[in-house]
Amino acid sequence: MLDWYDTHKRSMPWRETDDPYRIWVSEIMLQQTRVDTVRDYYHRFLEAFPTVEALADADRDTVLKHWEGLGFYARARHLHTAAQHVVDEHDGTVPSTMDAIKDLKGVGPYTAAAVLSIAYRKPHAVLDGNVTRVLSRVFAVDEDATTSAAEGHLRDLANELLDPDRPGDFNQAMMELGALVCTPRTPHCDRCPLNAVCRAHDAGTEEDYPITPESEPVPHEDIAVGLVFDDNDRLLIQRRPDEGLLGGLWEFPGGKQEGDESMEAACRREVREELGVGMTDVEPFYTLSHAYSHFKITLHAFRGRLADGPPEAREDQPFRWVTVDELDDYAFPRANRRLIEELVRRQTEPSLFD
DNA sequence: GACACGTGGGG
DNA sequence: TCCCCAAGTGT
């Protein structure tokens with residue numbers, strides 16, 4: 001594995017440093033996220049927050065703005081909190097022991113082992129999706145890989161195989177193999193350094209592993225959203241609660257359609273429920289579909305003007321009046337960004353159909 | 001143990 | 001077009 005890795009490893013920015021902080025940031029960004037997606041975020045994030053102290057001192061809104069579009073935003077909130085913990089409790093040094101690093105928000109078994117092995121050369125094997133897939137195939141693990149029992153078995157295997165002299169490289173070799181060769185579909189066994197010892201390959205059953213339960217169908221919701229303008233053509237935006245879906249991001253007010261109400265009625269109701277104001281001159285603006293991690297939505301956006309007011313903020317959900325240009329200063333979810341793109345498009349290139 | 005939690009690429 | 005799923009963690 002180490003020979004294969006030395007020959008085939010890809011160039012990655014976080015492989016050019018031994019700074020534990022940078023390695024930690026990269027591992028948080030890489031959770032459930034592809035390497036090619038992370039690259040640009042990694043550079044911009046570390047330019048803005050070059051040290052753990054800089055991150056600890058930053059505003060939460062600023063941190064989220066640099067995470068905008070990357071998803072799983074609890075990662076950014078937890079990383080921010082953990083940076084403050086490292087500064088306050090560890091003198092600004094990323095912990096180098098398992099007990100201490102596991103105390104950091106957002107650092108679980110995978111990230112702890114990854115940072116300790118890569119940044120501090122400690123002998124801890126990682127068990128991520130790649131390693132799970134590689135080991136499940138090599139050893140033809142015939143149990144549900146999502147159970148804690150199987151996870152224990154796979155972790156034991158990984159730790160047995162770990163090279164104690166180069167634990168970080170061994171871990172990255174396993175993940176790199178999973179990403180480039182031992183892929184979920186149509187693995188490239190002809191190019192695999194393990195093909196001679198792989199039980200699944202021997203049986204021709206590579207794609208049967210890892211064994212996972214069938215996925216449930218994902219639910220769908222219809223969401224109404226209001227683009228509420230004031231008399232100065234500023235827009236009403238609102239910050240989402242700190243926890244939960246898209247926590248801490250800004251958005252246009254709105255919510256789920258209820259019962260048999262029309263989408264426009266849902267829009268008016270939600271704007272009144274969330275901000276205590278009504279809308280006039282309401283007209284359909286744009287409709288789009290979007291998929292979150294565990295459900296899908298159709299977003300029905302309406303444009304209108306403030307009918308009464310002023311708005312009143314809910315607890316933990318402040319609002320702002322902003323111009324279209326100022327929207328770029330705030331972190332929005334992707335679906336809202338698509339609405340903003342449409343606003344700008346109609347501003348810039350007025351269509352015959354407007 | 002089960003479920004919440006984003007987004008974009010690839011088949 | 002739709003589904004899978006990716007360097008997982010928190011509750």
Side-chain angles (χ1 to χ4, degrees), chain A residues 9-10 12-15 23-42 64 67-79 81-82 101-119 124-134 144-151 155 158 168-180 182-187 207 210 212-220 240-249 251 289-297 331-338:
Chain A
K9 69 176 175 184
R10 291 169 289 179
M12 297 183 193
W14 44 90
R15 289 181 176 161
I23 292 166
W24 173 31
V25 168
S26 77
E27 291 300 342
I28 299 297
M29 287 188 169
L30 286 163
Q31 290 171 6
Q32 299 286 285
T33 310
R34 285 180 169 74
V35 165
D36 285 338
T37 303
V38 167
R39 291 181 194 276
D40 289 346
Y41 282 93
Y42 176 83
L64 283 173
W67 209 271
E68 180 184 18
L70 196 53
F72 282 144
Y73 298 97
R75 293 184 293 173
R77 304 194 302 269
H78 291 151
L79 181 59
T81 302
I101 202 167
K102 284 284 290 295
D103 279 344
L104 300 179
K105 278 288 184 191
V107 176
Y110 165 77
T111 306
V115 174
L116 291 182
S117 65
I118 296 170
H124 300 278
V126 299
L127 187 62
D128 75 325
N130 290 304
V131 178
T132 296
R133 187 169 57 256
V134 171
D144 181 345
T146 65
T147 64
S148 57
E151 190 182 316
R155 192 179 305 283
D169 284 344
F170 177 83
N171 282 331
Q172 295 186 81
M174 293 289 284
M175 295 190 282
E176 197 83 329
L177 188 74
L180 298 180
C182 194
T183 48
R185 286 173 301 275
T186 60
E207 294 204 54
T212 58
E214 292 206 12
S215 55
E216 301 290 324
V218 295
H220 175 273
R240 293 179 63 88
D242 293 337
E243 304 294 322
L245 184 72
L246 308 169
L249 272 65
E251 67 176 4
S289 295
H290 187 78
Y292 293 109
S293 49
H294 54 300
F295 66 102
K296 300 176 182 179
I297 64 165
F332 282 88
R334 196 57 105 200
N336 274 248
R337 271 285 155 216
R338 290 176 61 187

Exercise. Check every strand shown and say whether A:M12 touches a base, only sugar-phosphate, or nothing at a heavy-atom separation below 4.0 Å.
Key: base
Practice problem: Give A:T147 one of three labels, base, sugar-phosphate or nothing, depending on what nucleic acid heavy atoms sit under 4.0 Å from its own. | Solution: nothing
Exercise. Measure from the ring center of A:Y292 to the ring center of A:H294 and say whether it is less than 6.0 Å.
Key: no
Quiz item: So what does A:R77 hit on the nucleic acid, given a heavy-atom distance under 4.0 Å: a base, only sugar-phosphate, or nothing?
Solution: nothing
Practice problem: Describe the nucleic acid contact of A:W14 in one word from base, sugar-phosphate, nothing, applying a heavy-atom distance below 4.0 Å. | Solution: base
Self-check item: Min side-chain heavy-atom separation A:L177-A:N130 under 4.5 Å
Solution: no
Practice problem: Please determine, for the side chain of A:Q31, which listed nucleotide (B:dG6, C:dA6, C:dG8) has the closest atom? | Solution: C:dG8
Exercise. Have a look at A:G247 and say if it touches a base, only the backbone sugar-phosphate, or nothing, with a 4.0 Å heavy-atom cut-off.
Key: nothing
Quiz item: Is A:T186 touching bases, backbone alone, or none of the nucleic acid, heavy atoms closer than 4.0 Å?
Solution: nothing
Quiz item: Across the strands shown, which category fits A:R240 at heavy-atom distances under 4.0 angstrom: base, sugar-phosphate, nothing?
Solution: nothing
Quiz item: Does the base of B:dG6 carry an N or O that pairs as donor and acceptor with the side chain of A:T33 under 3.5 Å?
Solution: yes
Quiz prompt | Non-hydrogen side-chain atoms of A:E207 and A:T186 separated by less than 4.5 Å | solution = yes
Exercise. Could you tell me whether A:T111 contacts a base, only the sugar-phosphate backbone, or nothing, with contacts defined as non-hydrogen atoms closer than 4.0 Å?
Key: sugar-phosphate
Quiz item: Atom OH of A:Y292 to atom C1' of C:dA6: distance rounded to whole Å?
Solution: 20 Å
Exercise. With the side chain counted from C-beta on, respond yes when A:P109 and A:R155 share a heavy-atom pair under 4.5 Å apart, and no when they do not.
Key: yes
Quiz item: Touch check for A:R334, heavy atoms < 4.0 angstrom, all strands: base, sugar-phosphate only, or nothing?
Solution: sugar-phosphate
Quiz item: For A:I28, which contact category applies under a 4.0 Å heavy-atom criterion: base, sugar-phosphate, or nothing?
Solution: nothing
Self-check item: Residue met sooner reading DNA chain C from 5', once A:H78 and A:E27 are mapped to nucleotides
Solution: A:E27
Practice problem: Quick one: label A:G69 by what it contacts on the DNA or RNA (base, sugar-phosphate, nothing), any heavy atom closer than 4.0 Å. | Solution: sugar-phosphate
Quiz item: Does the side chain of A:K296 get closer than 4.0 angstrom to OP1 or OP2 of C:dC3 through an N or O atom?
Solution: yes
Self-check item: Options C:dG10, C:dC5, B:dC5, nucleotide nearest the side-chain atoms of A:K105
Solution: C:dG10
Practice problem: Indicate, with a heavy-atom threshold strictly under 4.0 Å, whether A:V107 touches base, sugar-phosphate, or nothing. | Solution: sugar-phosphate
